[in-house]
Amino acid sequence: MIDIGLSKMALIGAVALVVIGPEKLPRVARTVGTLLGKAQRYVSDVKAEVNRSMELDELRKMKETVETAARDVEKSVHETSSSLEKDWREATDFDGDSGSDSPGTAYDSYSTVTPVYKHPGKNFRLKRGAVPQWYKARSRVRTKVQSGAARVARFRPKRFH
């Protein structure tokens, strides 16, 4: 910002000490420091705003170029599809008169039947299969609820008297 050397700062400090006086110098220095800080923040805010506006302009230009490219691609796809449909109609036309057929008559020969809904026949309340008791016993599947105390008592080691 301002290029001030150490000798110039000492000279300005000595003049300020003589003019303002030693009692008011710290308060004046604090005020000058806060004003310089505010000025620096204002300058940085202005720079940031200018940068944002420049980026926004660049983004607008980029958006316009992307939109025009998308329009060009859409137009070329539309032209290609229309020429493909035209070539397809000419290739599949067996009668020789392509002007008499209206578009969509080739699809009229196929009937579009929607399938009828059929209930799957599942009922979550009914169990389809049951596991036999002998299999549960063999694989040690719990079939009855047992409290924690009963389980401890069941597996407690036997005492020998």
Side-chain angles (χ1 to χ4, degrees), residues 1-93 98-99 101-108 110-128 139-156:
M1 228 165 84
I2 300 172
D3 189 24
I4 299 176
L6 188 61
S7 61
K8 290 182 183 178
M9 290 284 281
L11 181 66
I12 291 173
V15 171
L17 185 62
V18 170
V19 173
I20 297 172
E23 304 89 26
K24 295 182 182 178
L25 186 63
R27 189 173 55 198
V28 170
R30 239 181 282 130
T31 306
V32 168
T34 56
L35 290 176
L36 277 174
K38 287 181 182 179
Q40 286 178 347
R41 283 192 296 272
Y42 178 73
V43 167
S44 67
D45 288 343
V46 168
K47 283 183 181 179
E49 185 67 31
V50 167
N51 286 338
R52 268 189 243 124
S53 65
M54 287 172 47
E55 288 175 1
L56 189 62
D57 289 340
E58 290 176 7
L59 286 175
R60 283 185 186 138
K61 289 177 185 176
M62 189 181 297
K63 178 185 171 190
E64 289 173 0
T65 57
V66 167
E67 285 177 349
T68 55
R71 277 191 227 112
D72 293 342
V73 167
E74 184 181 4
K75 185 189 227 181
S76 66
V77 166
H78 183 64
E79 290 173 356
T80 305
S81 66
S82 63
S83 66
L84 182 66
E85 286 178 10
K86 181 182 173 190
D87 292 343
W88 181 259
R89 271 193 235 115
E90 289 175 359
T92 57
D93 188 20
S98 61
D101 280 347
S102 63
T105 56
Y107 300 110
D108 291 339
Y110 301 109
S111 63
T112 56
V113 177
T114 56
V116 179
Y117 174 73
K118 182 184 168 198
H119 193 271
K122 295 179 182 178
N123 191 352
F124 69 94
R125 291 183 183 92
L126 299 176
K127 291 196 174 187
R128 296 278 176 187
S139 61
R140 296 185 180 182
V141 175
R142 274 194 214 145
T143 57
K144 295 180 176 75
V145 177
Q146 195 175 34
S147 69
R151 197 173 302 118
V152 168
R154 181 177 172 197
F155 294 106
R156 183 176 294 139

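Predicted, not measured: the structure shown is a model, and the values here were computed from it. Starting from 1, each residue takes its place in the sequence as its number.
- S44 contributes atom OG, which lies 8.0 Å from atom NZ of K47 (distance to the nearest 0.5 angstrom).
- Annotation: side chain to side chain contact (heavy atoms under 4.5 Å, CB included) contacts of V145 (sequence neighbours excluded): none.
- Here the OG atom belonging to S53 is positioned 10.0 Å from the CD atom belonging to E58, to the nearest 0.5 angstrom.
- Atom OG1 of T92 is separated from atom CG of D87 by 10.5 Å, given to the nearest 0.5 angstrom.
- Residues satisfying the salt bridge (charged side-chain N to carboxylate O under 4.0 Å, His left out) criterion with R140, sequence neighbours excluded, are absent altogether.
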Enumerate, atom names and distances included, each donor-acceptor pair closer than 3.5 Å involving a side-chain atom of residues 17-31, sequence neighbours excluded.
unit_1: T31; atom_1: OG1; unit_2: R27; atom_2: O; d: 2.9

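- Residues that satisfy the salt bridge (charged side-chain N to carboxylate O under 4.0 Å, His left out) test with R151, not counting sequence neighbours, are absent from this structure.
- Shown here are the side-chain hydrogen bond (donor to acceptor under 3.5 Å, both in side chains) partners of R52, two or more places apart in sequence or in another chain: E49.
- Remark: R41 CZ to L36 CG distance equals 10.5 Å, nearest 0.5 Å.
- Evaluation of the side chain to side chain contact (heavy atoms under 4.5 Å, CB included) rule for R154 yields Q146 as partners, not counting sequence neighbours.
- A salt bridge is defined here as a Lys NZ or Arg NE, NH1 or NH2 lying under 4.0 Å from an Asp or Glu carboxylate O, and D72 with K75 fails to meet this definition.
- Proximity of R71 to T68: side-chain heavy atoms (C-beta onward) are separated by under 4.5 Å at one or more points.
- E64 and R60 are not joined by a salt bridge, as no carboxylate oxygen comes within less than 4.0 angstrom of a charged side-chain nitrogen.
- Between H78 and E74, the closest side-chain pair of non-hydrogen atoms is not below 4.5 Å.
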